Asker: 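The structure under discussion is supplied below as structure tokens; questions concerning it will follow.
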Amino acid sequence: MSIRTWWARYVRRPFQGAGRATALLAAGVAVLLGGLLAVGLLWALLAAFSLWSIVSGWAGAWVVAVVAAVAAAPLLTWTQRQRFRLLSGVGIAVPEGLAERPGLRGMVLWLRSAAGRRQLRYHFLAGPLIVLGGALMLACWVAGAAAATVYLWIWVTPTHWRIDNPGYTTTAAYVTVAGVALLYGTGWFTKALARVDTAAARTLLGPSREEQLARRVTDLADSRASVIDAADAERRRIERDLHDGAQQRLVALAVNLGLAKATLGDLSDEARAVIDDAHREAKEAITELGNLVRGLHPAVLEDRGLDAALSGIAARLPIPVRVAVDLPRRPLPTIEAVAYFVVSEALTNVVKHARATRAEVIVEQIGGTLLVVVTDDGVGGAELGAATQGTGLAGLAKRVASVDGTLSCHSPVGGPTVITVELPCAP
């Protein structure tokens with residue numbers, strides 16, 4: 001082991017971070033002493049006032065004293081949070097719905113809240129115990145430093161003292177060793193006490209575990225909603241780019257090929273056959289690209305809403321489909337898009353797998369729920385977990401769940417199949 005490694009492991013390690021921990025605990029001692037001094041002065045004034053109130057016939061001063069002492073707790077909490085933030089870099093969040101400095105109206109609510117009671121436990125139970133440890137820590141630092149430097153103190157003493165106390169060198173050596181050991185132990189103790197103080201403050205001054213989980217769930221829900229909105233906006237952009245770019249170029253190509261076929265009469269049979277094939281491929285590509293654009297985000301959905309968009313889907317299917325949409329107002333774009341794609345995929349599955357002769361789509365708003373029901377008279381047997389069999393219902397269920405919706409499927413063998421989707425929708 002090198003000297004540098006030995007120095008870092010055995011000499012420096014106990015003191016690494018001890019300075020910041022000492023400053024944190026010393027500030028805690030100062031905050032508590034300052035709070036006690038302020039509360040003591042307040043109580044002294046109120047005690048004098050209470051004596052006067054007894055003489056004058058009004059005995060409510062002690063109630064005022066208790067209320068005033070407790071009212072200082074939110075300000076003390078704010079001070080403690082600043083102590084941890086500035087001296088240890090630890091940010092303690094404010095519990096949800098709890099004001100840092102509540103006024104007279106919020107004081108009763110603050111006292112009745114679980115977070116307010118936790119803060120009082122820190123200020124009146126955990127805090128004083130930690131401050132006692134901090135005071136002991138400061139005393140140990142002072143005693144250890146004084147003992148470790150005892151030779152310096154002996155050196156500055158008068159010469160006659162050293163003459164009158166023979167053997168002081170051996171005693172000073174023992175005191176020096178004890179002082180160094182005390183400094184080492186105080187370094188470990190200080191960092192451990194600072195960790196305890198930080199853990200107690202996070203638990204009692206900050207939000208509880210349940211509140212943290214609730215806030216985390218809210219943040220995740222907001223984040224998920226932002227991701228869904230961003231994905232929907234990206235689909236809209238891709239749809240516009242394809243519709244205004246590639247699709248228009250293909251249309252122009254098909255028109256030019258059609259003009260060439262109609263106006264160029266001196267072409268050979270081989271050239272005319274090539275132009276015919278290119279013209280047909282261009283028209284098929286336009287059709288496929290149109291289907292792709294509608295699959296991404298149909299323009300009719302954005303312009304005219306669910307009724308027109310779902311009627312367009314039904315008109316393109318080879319079986320009769322009855323569409324009934326009853327909505328007092330348009331839902332949010334994300335919910336509207338999910339409803340459209342669920343109906344589109346469900347009707348596609350009906351045509352591909354159900355061997356149905358007719359289908360029905362009902363969309364209505366009931367309270368805060370957008371209800372979508374797709375029914376067909378096919379052979380049935382569809383299952384939510386049967387995505388590998390080509391039904392794709394598991395994918396639909398995931399898409400519905402992405403906006404906190406639910407999807408259920410009732411499909412006995414022999415039919416009929418009923419797919420019910422419930423999506424959250426503001427009433």
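From a predicted model like this one, the values you see are computed outputs, not experimental measurements. Residues take their numbers from the sequence shown, with the count starting at 1.
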Asker: Looking only at heavy atoms, what is the nearest atom pair of Ala346 and Val374, with distance?
Answerer: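 Answer, listing the atom of Ala346 first, then Val374: CB-CG1, 4.1 Å.
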
Asker: Is there a side-chain contact (heavy atoms from CB on, under 4.5 Å) between Arg118 and Leu205 once you walk through the steps?
Answerer: CA-CA 7 Å; Arg118 288 199 308 271; Leu205 298 183; over 6 Å; no

Asker: Counting only heavy atoms not in Arg330, do more than 12 fall under 6.0 Å of its CZ?
Answerer: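 Counting other residues, nucleotides and ligands, CZ of Arg330 exceeds 12 neighbours.
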
Asker: Of all heavy-atom pairs between Cys140 and Leu182, which one has the smallest distance, and what is that distance?
Answerer: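 Looking at all heavy atoms of both residues, the shortest contact is O-CD2, 3.6 Å.
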
Asker: Atom CG in Leu347, atom CD in Glu360: separation rounded to 0.5 Å?
Answerer: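 If we round to the nearest 0.5 Å, Leu347:CG and Glu360:CD are 11.0 Å apart.
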
Asker: When you check the gap from the basic side-chain N to the acidic O, do Arg83 and Asp197 get nearer than 4.0 Å?
Answerer: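 Looking at Arg83 and Asp197, the cut-off is met.
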
Asker: Check Phe84 against Ser88 and note the closest heavy-atom contact, atom names and distance.
Answerer: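 Nearest heavy atoms, Phe84 then Ser88: O-OG, 2.7 Å.
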
Asker: Drop me the distance from Asp326's CG to Ile362's CD1, to the nearest 0.5 angstrom.
Answerer: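 CD1 of Ile362 is found 10.5 Å from CG of Asp326.
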
Asker: Nearest 0.5 angstrom please: Arg358 CZ to Arg322 CZ, how far?
Answerer: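 Atom-to-atom, Arg358:CZ and Arg322:CZ are 10.0 Å apart.
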
Asker: Kindly give the heavy-atom pair with the smallest separation between Val325 and Leu310, and that separation in Å.
Answerer: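 The answer is CG2-CD1, 4.2 Å.
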
Asker: Would you give the length of the straight line joining atom CG of Leu370 to atom CD of Glu364, rounded to the nearest 0.5 angstrom?
Answerer: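 Spacing of CG (Leu370) from CD (Glu364) equals 9.0 Å.
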
Asker: Identify each donor-acceptor pair in which a side-chain atom of residues 409-424 lies under 3.5 Å from a protein atom, sequence neighbours left out, and give them as a table.
Answerer:
| residue | atom | partner | partner atom | Å |
| --- | --- | --- | --- | --- |
| Ser411 | OG | Gly381 | N | 2.9 |
| Ser411 | OG | Ala382 | N | 3.0 |
| Ser411 | OG | Thr417 | OG1 | 2.7 |

Asker: Determine whether a donor-acceptor pair (N or O, by modelled atom type, separation under 3.5 Å) exists between the side chain of Ser344 and the backbone of Tyr340.
Answerer: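 Not confirmed, Ser344 side chain does not pair with Tyr340 backbone.
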
Asker: Does a side-chain heavy-atom distance below 4.5 Å link Val361 with Val373?
Answerer: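 Counting from C-beta outward, Val361 and Val373 never come under 4.5 Å.
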
Asker: Carefully, step by step, assess Met137 and Thr186 under the rule side-chain contact (heavy atoms from CB on, under 4.5 Å).
Answerer: CA-CA 7 Å; Met137 173 268 304; Thr186 304; 4.3 Å; yes

Asker: Stepwise, does the side-chain contact (heavy atoms from CB on, under 4.5 Å) test hold for Thr198 with Val196?
Answerer: CA-CA 5 Å; Thr198 303; Val196 171; over 6 Å; no

Asker: As an exercise, state the distance from CD1 of Ile313 to OG1 of Thr348, rounded to the nearest 0.5 Å.
Answerer: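 Reported to 0.5 Å precision, the distance equals 7.5 Å.
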
Asker: Compute whether any side-chain donor of one residue and acceptor of the other, for Thr77 and Gln119, lie under 3.5 angstrom apart.
Answerer: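 There is such a pair between these side chains.
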
Asker: Take Leu371 and Val363 through the side-chain contact (heavy atoms from CB on, under 4.5 Å) test and state the conclusion after the steps.
Answerer: CA-CA 6 Å; Leu371 182 65; Val363 181; over 6 Å; no

Asker: Restricting to non-hydrogen atoms, name the atom on Asp376 and the atom on Ala354 that form the minimum distance, rounded to 0.1 Å.
Answerer: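 Heavy atoms only, the tightest pair is OD1-CB, 3.7 Å.
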
Asker: Name each donor-acceptor pair under 3.5 Å that joins a side chain in residues 17-30 to protein atoms two or more places apart or in another chain, with its distance.
Answerer:
| residue | atom | partner | partner atom | Å |
| --- | --- | --- | --- | --- |
| Arg20 | NE | Leu87 | O | 3.3 |
| Thr22 | OG1 | Ala18 | O | 2.7 |
| Thr22 | OG1 | Trp141 | NE1 | 3.2 |

Asker: Would you say that Glu336 contacts Thr334 through its side chain, given a criterion of any heavy-atom pair below 4.5 Å between the two side chains?
Answerer: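 Glu336 vs Thr334: side chains apart.
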
Asker: Going by heavy atoms in the side chains, are Tyr122 and Gln80 under 4.5 Å from each other?
Answerer: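 Yes, at least one pair of side-chain atoms sits under 4.5 Å.
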
Asker: Shortest non-hydrogen contact from Cys425 to Pro331?
Answerer: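 For Cys425 and Pro331, the tightest heavy-atom pair comes out as SG-CB, 3.8 Å.
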
Asker: I want to check something: taking the side chain as every heavy atom from C-beta on, are Val351 and Asn349 in contact at a cut-off of under 4.5 Å?
Answerer: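 Not in contact.
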
Asker: Measure the spacing between CD of Glu345 and NZ of Lys352 and express it to the nearest 0.5 Å.
Answerer: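 Those atoms lie 7.0 Å apart.
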
